[in-house]
Amino acid sequence: MSYMVISAGEAVVVDANRHVEEYIRVAQQESARIVHVLDTHLHADHISGGLELAQKVGAKYWIAPEETEGAKFKYEPLQEGHLVLFGTSKLQVVGIRTPGHTVGSTSFFIDDNYLLTGETLFVSGLGRSDLKGRAKEMAEMMFDTVINKIAKLPDDMVILPGHYADVQEMNEFGYVGAKMEDIRKNNSILHVKDKQTFVDTAVTNVGVTPPNHDTIIAVNRRQIEVLPHEQTEMESGPNRCAMHS
């Protein structure tokens, strides 16, 4: 899932997929100009449209520098605590580093009411930590993220993840997300307080590795190019980005 946030005629897009014309259409429909495009991390399960969208509309493209090793594109380095301002209201996007799924995974606060978590925290489960070949190290980072950052979020913070595992994660308002209070109660992996138990769970409960993830990473780094029909084939298959206890 991706998100567009609009304030006073200016828009921010987070985790755009490759169908960039959809974001341009919605922005035009809402009489808004896309001024910033951000990725929470370098995606391994789908082809990002972030850079292409930013180039097409003349926006700035942001991603954490830890995510760009070997990448062949220019970007704005997204640092922890960075404010991305847009519009004339007090609406802000504040990046906080939440490593675990990847080293540079970043979540975004919006106006202190919402948190876009990418593939770090889901309604049920967390992002898997094994896709970069450093499962134990990344699981340890994820534990620190969960205990030292996510666990301290206020109860009324609305969590908006980048994926869902089941249609039941859609709430009564028609979107995938929940208040932090409810996620604490219902997301069982957040109840694991022992670090070694957490790491063991993260390493052993990830399931089958998503197909083509190495190739998709290379495409998102602009190291290789693939044709549109090849992109569709690479993105086919089930969602395998989550880890559950």
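- With respect to Lys56 and Glu52, a salt bridge is recorded, a charged nitrogen being found less than 4.0 Å from a carboxylate O.
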Go through the steps for Leu126 and Thr120 under the test side-chain contact (heavy atoms from CB on, under 4.5 Å), then give the verdict.
CA-CA 6 Å; Leu126 301 172; Thr120 295; 5.7 Å; no
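- Atom CD of Gln29 has more than 12 neighbouring heavy atoms from other residues, nucleotides or ligands inside a 6.0 Å radius.
- No donor-acceptor pair under 3.5 Å is formed between the side chain of Lys74 and the backbone N or O of Tyr61.
- Here CD1 of Ile216 is found 11.0 Å from CG of Leu42. Values are rounded to the nearest 0.5 Å.
- Counted by atom type alone, Ser105 and Glu119 present zero donor-acceptor pairs between their side chains at under 3.5 Å.
- Ring geometry for Phe143 against Phe198 counts as perpendicular: the plane angle is over 60°, on a 0 to 90° scale with 30° as the lower cut.
- In this structure, CG in Leu78 is found 8.5 Å from CD1 in Ile63, a value given to the nearest 0.5 Å.
- Classification of the Phe173-Tyr175 ring pair by plane angle, with boundaries at 30° and 60°, yields parallel.
- Of the N and O atoms on the side chains of Asn220 and Ser48, not one donor lies less than 3.5 Å from an acceptor on the other residue.
- Note: the hydrophobic cluster containing Phe109 also contains Leu83 (ILVMFWY, side chain heavy atoms under 4.5 Å, direct or indirect links).
- From Leu38, atom CG reaches atom OH of Tyr3 across 14.0 Å, with rounding to the nearest 0.5 Å.
- We find that Arg184 and Glu181 are not joined by a salt bridge, their nearest charged nitrogen and carboxylate oxygen being 4.0 Å or further apart.
- The NE2 atom of His101 sits 12.0 Å away from atom OG1 of Thr106, with the distance rounded to the nearest 0.5 Å.
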